[in-house]
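Input: a single structure, listed below in C-alpha cells.
Atoms considered below: every heavy atom in the structure, side chains included; atoms not considered: hydrogens, waters and symmetry mates. Start at 1 and go down the list; that is how both ligands and their atoms are numbered.
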Amino acid sequence: MKILITGANGLLGQHLVNELLQQQFQVVATGKGPCRLPFEPSEKFSYRSLDITDELEIEKVLSEERADVIVHSAAMTQVDECEKNPELCEKINVYGTTQLLVDAENYSKYIIYLSTDFVFDGLFSPYREDDDLRPVNFYGFTKMQAEAIMHTSEIPWAIVRTCLVYGNPLEGTRTNIVSWVRESLQEGEPIKVVSDQQRTPTYVEDLAKGIVLMIQKQATGIYHISGKDLLTPYEMAMRTADYFSLDKSLITEVTSETFTQPAKRPARTGFDISKAVKELGYSPSSFEDGLKQMSQ
Ligand SMILES: NC(=O)c1ccc[n+]([C@@H]2O[C@H](COP(=O)([O-])OP(=O)(O)OC[C@H]3O[C@@H](n4cnc5c(N)ncnc54)[C@H](OP(=O)(O)O)[C@@H]3O)[C@@H](O)[C@H]2O)c1
C-alpha cells in the first residue's frame, strides 16, 4: 500500500514516515521545500516537494503518485503566528486542505486529516469525539473549518484529533513542551509554566502508531488519539525535571494571566481516548514512559 504524507518534515511527519517504513509500507513523503528526513531514497521511500498552497503542484504530485492513502499533516501550527497572520493561516490550513481533498478524491482512496484539541473551548475535559466544536483562537478556527471540509469528502475519510505532541525530532530543532523544559533546565535557565491549563500530552511515536492502526483498519470518522494522562503544563515540567534529574527550583508555577500572548489558549482540553482504544487497539504510553523513550 502506498501512503503519501503532507508536512512530512514536521515532528509528526518524521515519525510517521519512520513507523510506516518499519511496517513495510511504501511511503511518499512530501513537504514544503527540500527533504529534512533522515532516510535515503529507495523502493519504499521517496520525497517530493509539495507546498499545499500551490494548487498546480498538488494536482501534479497527487496525479503522478496515485497513493492509496493520503495523511494530511501539513499545517501552519504556530498558534500565535496564526493569530497575527490570519490570511496566511487560512490559506495553508483551510484552502490548502480544500485543494488537497479535491485531488485526493480524484487520485486516492482514503484520506486522514490531522486536527487538534484546539477546536474545543477548554471549558471542560476530557473531550469526546462528538463534543461541540467551539475554538477560542484563529488556529483552532481554521482546523475546525478544515474538519468541515473533510466531512464533504467523496472518498472514505478520517479525522485524527491529537493534543500537545512531544518527542525528539529525528532531524531539526523544533521544540515541544518536554524538549523546551529539558533544554532550558540543562542550560540553567529559569522558566515559568502554567498550572491552570490541562492537556493529555501525546508521545509522538504513539501518535504515529495510532495513525498506522487507522490505515490498517481503514477507520473512518473522528478519533481522539493522545496520551492517557491528564496533566497541567506545570506538572509536565516538574515530571520532566524529575525524570531527567534537573533542577526543579528553576521552574516557577504561574497562571495563564501572567502571559500576554496574541492567541488565547483553551484552558482544559485533553481527550477521552476510549474509542481509539476500543476500536483500533490503540495503547498509548504513560507520560513517564514517553520521557523514558525520549531518553533512549
Ligand atoms: N504538535 C502538536 O502539539 C499538535 C497538536 C494538535 C494537532 N497537531 C496537528 O498535527 C499536525 C502535525 O503537527 P506537527 O506537530 O508535526 O507540527 P509541525 O512540526 O509544525 O509540522 C507541520 C508541517 O507542516 C509544514 N507546512 C507548513 N506550511 C506548509 C505548506 N504550505 N505546504 C506544505 N507543508 C507545510 C511545515 O513545514 P516546515 O517544517 O517547512 O515549516 C511542517 O513541516 C498538524 O496538522 C497540527 O495541526 C499538532
Side-chain angles (χ1 to χ4, degrees), residues 4-19 29-37 47-55 57-58 61-62 70-82 85 87-100 111-120 127 135 137-147 149-150 159-180 197 199-208 210-211 222-227 233 236 265-266 269-271 290:
L4 185 145
I5 302 167
T6 68
N9 287 320
L11 178 62
L12 168 63
Q14 294 183 0
H15 283 273
L16 182 57
V17 171
N18 191 29
E19 185 63 31
T30 73
K32 201 176 52 172
C35 181
R36 285 182 269 125
L37 289 153
Y47 179 88
R48 297 194 65 165
S49 174
L50 174 59
D51 182 332
I52 58 155
T53 62
D54 183 335
E55 281 179 29
E57 198 167 53
I58 298 175
V61 172
L62 266 61
I70 310 274
V71 181
H72 180 26
S73 179
M76 184 164 168
T77 56
Q78 298 89 344
V79 178
D80 291 323
E81 288 307 308
C82 292
N85 197 343
E87 277 164 24
L88 180 61
C89 177
E90 193 169 40
K91 190 171 172 190
I92 296 172
N93 293 359
V94 183
Y95 301 138
T97 301
T98 306
Q99 197 53 43
L100 192 79
I111 184 165
I112 298 178
Y113 173 67
L114 261 296
S115 188
T116 170
D117 56 325
F118 279 25
V119 294
F120 295 115
Y127 284 93
N137 58 41
F138 197 74
Y139 166 74
F141 178 67
T142 59
K143 299 294 278 188
M144 179 182 76
Q145 285 184 301
E147 284 197 13
I149 293 161
M150 281 299 131
I159 291 168
V160 173
R161 297 197 191 114
T162 190
C163 178
L164 199 62
V165 183
Y166 69 96
N168 298 320
L170 301 179
E171 291 277 338
T173 55
R174 192 161 288 183
T175 57
N176 51 75
I177 176 99
V178 172
S179 64
W180 169 69
Q197 294 176 2
R199 306 283 183 259
T200 43
T202 310
Y203 182 55
V204 64
E205 291 185 29
D206 290 342
L207 174 58
I211 294 169
I222 303 172
Y223 285 84
H224 283 179
I225 295 193
S226 73
M236 293 173 218
R265 268 55 173 183
T269 66
F271 290 145

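- Evaluation of the side chain to side chain donor-acceptor pair (under 3.5 Å) rule for Asn85 yields no partner, not counting sequence neighbours.
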| query | Which is it for Ile211 and Leu12 under the side-chain contact (heavy atoms from CB on, under 4.5 Å) test, yes or no, and what are the steps along the way? | reply | CA-CA 10 Å; Ile211 294 169; Leu12 168 63; 3.9 Å; yes

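- For His15, there are no side chain to side chain donor-acceptor pair (under 3.5 Å) partners, not counting sequence neighbours.
- With sequence neighbours excluded, the residues that form a side chain to side chain donor-acceptor pair (under 3.5 Å) with Ser115 are Glu147.
- A distance limit of 4.0 angstrom between heavy atoms and ligand 1 selects the residues Gly7, Asn9, Gly10, Leu11, Leu12, Lys32, Arg36, Leu50, Asp51, Ile52, Thr53, Ser73, Ala74, Ala75, Thr77, Ile92, Leu114, Ser115, Thr116, Tyr139, Lys143, Thr162, Leu164, Val165, Arg174.
- Classification of the His72-Tyr113 ring pair by plane angle, with boundaries at 30° and 60°, yields tilted.
- In this structure, CD1 on Ile149 lies 10.5 Å from CD on Gln99, to the nearest 0.5 angstrom.
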